[in-house]
Amino acid sequence: MDLPLFHLYGDPPEPRAYNFVHAETIASRCLLHDWRIGVHRHANLLQILVIEHGTGEIQYEVSTAVFSAPAIIVVPPTVAHGFRFQSSTTGWVVSFTQDVARVFGDPLGGVIAYLKRMTDGPVIAVGDAGKIVRLSELCAHLSEERFLSREGFHVAMNSYLALIAVEVRRLVADRDPLTASHDDAVIDKLFKLIENNFRDHRLLNFYAARLAMSPDRLNKHIKRLAGVTAGQLIRQRVLTEAKRQLAFSDQPISEIAYDLAYSDPSHFVRCFRRDTGMTPRAFREQAARLT
């Protein structure tokens with residue numbers, strides 16, 4: 001199957017969407033789809049789901065995880081995701097383009113940059129139900145401003161979004177203080193460079209040169225903050241793309257190999273098996289059983 005690309009779920013993609021902020025209840029869209037949101041991506045939207053009541057399951061790339069309220073789910077742009085919700089689930093979905101951070105300057109930009117990097121653990125369990133109540137109230141205010149469109153509503157919406165993003169950032173810090181402390185300009189720039197260049201550039205020298213650092217210094221810097229080297233981040237991004245194409249497309253494995261700039265299909269198979277412990281074909285068969 002092909003992996004759909006939407007603006008909001010069910011809507012055509014809007015690659016030029018700018019300063020876009022949106023909030024809606026989980027039920028408002030899920031009721032239309034029998035509480036099941038098929039696996040899809042957004043090109044330029046970051047989403048925060050506030051789960052007030054209920055349970056469900058998220059498919060995140062090619063993994064699945066169960067969640068239960070109270071919880072927060074963060075979905076960065078371009079990440080494949082889908083949901084199955086219990087029909088009694090209540091909560092909010094806040095969607096926004098990352099450029100809204102420019103309204104507030106670098107502080108919120110750092111918050112959004114961090115949320116975009118949360119690709120390993122999208123579900124944040126919240127021990128204090130009062131924090132979910134506060135987030136839900138902020139989401140409701142944001143939605144009201146959008147619906148009523150009164151004088152200055154764009155400023156009000158962005159202000160509520162800033163409060164929501166900061167609250168989520170604090171919840172992440174409460175869960176994992178060490179990881180949450182890794183707001184770093186070099187990491188942010190490296191992630192952007194990798195996202196834009198990983199298909200054609202695998203060598204660390206390419207990225208180090210654009211960051212005005214030696215390869216050794218870049219590796220040590222990233223290792224100290226993220227626990228992995230810059231080279232490992234590059235390989236992880238290539239592997240993620242390979243998994244996506246295997247799981248969500250019918251593209252022949254040989255074409256995937258060439259699309260990701262491997263020298264030949266055999267090279268792709270060897271690298272994939274080294275990193276995952278299985279062949280691309282076996283991985284595709286396993287993913288088909290999940291989806």
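Because the structure is a prediction, the values reported are computed rather than measured.
Under the salt bridge (Lys or Arg N to Asp or Glu O under 4.0 Å) criterion, K220 pairs with D216, not counting sequence neighbours. For S149, the side-chain hydrogen bond (donor to acceptor under 3.5 Å, both in side chains) criterion is met by no residue, not counting sequence neighbours. A search for salt bridge (Lys or Arg N to Asp or Glu O under 4.0 Å) contacts involving R237 returns E195, E241, not counting sequence neighbours. Not counting sequence neighbours, E14 has no partner by the salt bridge (Lys or Arg N to Asp or Glu O under 4.0 Å) test. When the salt bridge (Lys or Arg N to Asp or Glu O under 4.0 Å) test is applied to K131, the partners found at least two apart in sequence or on another chain are D174. Partners of H267 according to the ring pair (Phe, Tyr, Trp, His ring centres under 6.0 Å) rule, which considers only residues two or more places apart in sequence or in another chain, are Y262.
Between the NE2 atom of H22 and the CG atom of D11 there is a distance of 8.5 Å, given to the nearest 0.5 Å. Note that OG of S159 and CD of E145 are 9.0 Å apart. Values are rounded to the nearest 0.5 Å. Atom CZ of R235 and atom CG of L204 lie 9.5 Å apart (nearest 0.5 Å). Going from atom CZ of R210 over to atom CG of N205 covers 10.5 Å, rounded to the nearest 0.5 Å. With values rounded to the nearest 0.5 angstrom, W35 atom CH2 is found 12.0 Å from H33 atom NE2. Atom-to-atom distance recorded for E57:CD and Q59:CD is 8.0 Å, nearest 0.5 angstrom.
Legend: side chain to side chain donor-acceptor pair (under 3.5 Å) pairs involving residues 270-281, not counting sequence neighbours: none detected. Within the structure, ring pair (Phe, Tyr, Trp, His ring centres under 6.0 Å) pairs that include any residue of residues 204-232 comprise H201-F206 (at least two apart or interchain).
Note: F283 and F272 meet the aromatic proximity criterion, with ring centroids under 6.0 Å apart. Aromatic ring centres of H42 and Y9 lie farther apart than the 6.0 Å criterion allows.
Counted by atom type alone, Q86 and S88 present one or more donor-acceptor pairs between their side chains at under 3.5 Å.
Grouping the Ile, Leu, Val, Met, Phe, Trp and Tyr side chains by contacts below 4.5 angstrom, directly or via other members, places L260 with L3. Side-chain heavy atoms closer than 4.5 Å link hydrophobic residues (I, L, V, M, F, W, Y) into clusters, and following such links, possibly through other members, connects L233 to L211. Hydrophobic clustering, with ILVMFWY side chains joined whenever heavy atoms are under 4.5 angstrom apart, groups L190 together with L239. L8 and V21 are assigned to two separate hydrophobic clusters, defined by single-linkage of ILVMFWY side chains at heavy-atom distances under 4.5 Å. Put simply, F6 and V93 are part of the same group of oily side chains (I, L, V, M, F, W, Y) that touch within less than 4.5 Å, one to the next.
For R150 and E144, the salt-bridge test passes: some basic side-chain N is under 4.0 Å from an acidic carboxylate O.
With I51 as reference, I26 is the one residue of V126, I26, V123 to meet the side-chain contact (heavy atoms from CB on, under 4.5 Å) rule.
Here L203 sits alone; no ILVMFWY side chain lies under 4.5 Å from its own, so it joins no hydrophobic cluster. Other members of the hydrophobic cluster containing L148, listed by chain and number, are F147; membership follows side-chain contacts under 4.5 Å among ILVMFWY residues, whether direct or relayed. In the hydrophobic clustering (ILVMFWY side chains linked at under 4.5 Å, chained through shared members), V66 stands by itself.
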**Asked** What's the verdict on salt bridge (Lys or Arg N to Asp or Glu O under 4.0 Å) for E61 and K243, showing C-alpha distance, side-chain angles and the deciding distance?
**Response** CA-CA 8 Å; E61 295 292 356; K243 288 180 175 179; over 6 Å; no
Return a table of donor-acceptor pairs under 3.5 angstrom between the side chains of residues 135-143 and protein atoms on other chains or two or more places apart.
from	atom 1	to	atom 2	distance (Å)
S136	OG	E52	OE2	2.6
S136	OG	I132	O	3.0

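Shown here for S214 and A208, the closest heavy-atom pair between the two residues is C-CB, 3.9 Å. Here the shortest heavy-atom pairing between S68 and T55 reads CB-CG2, 3.6 Å. Between R284 and S249, the shortest heavy-atom distance links the atoms NH2-O, 3.1 Å.
Aromatic ring orientation, F83 versus F85: parallel (interplanar angle below 30°, classes split at 30° and 60°).
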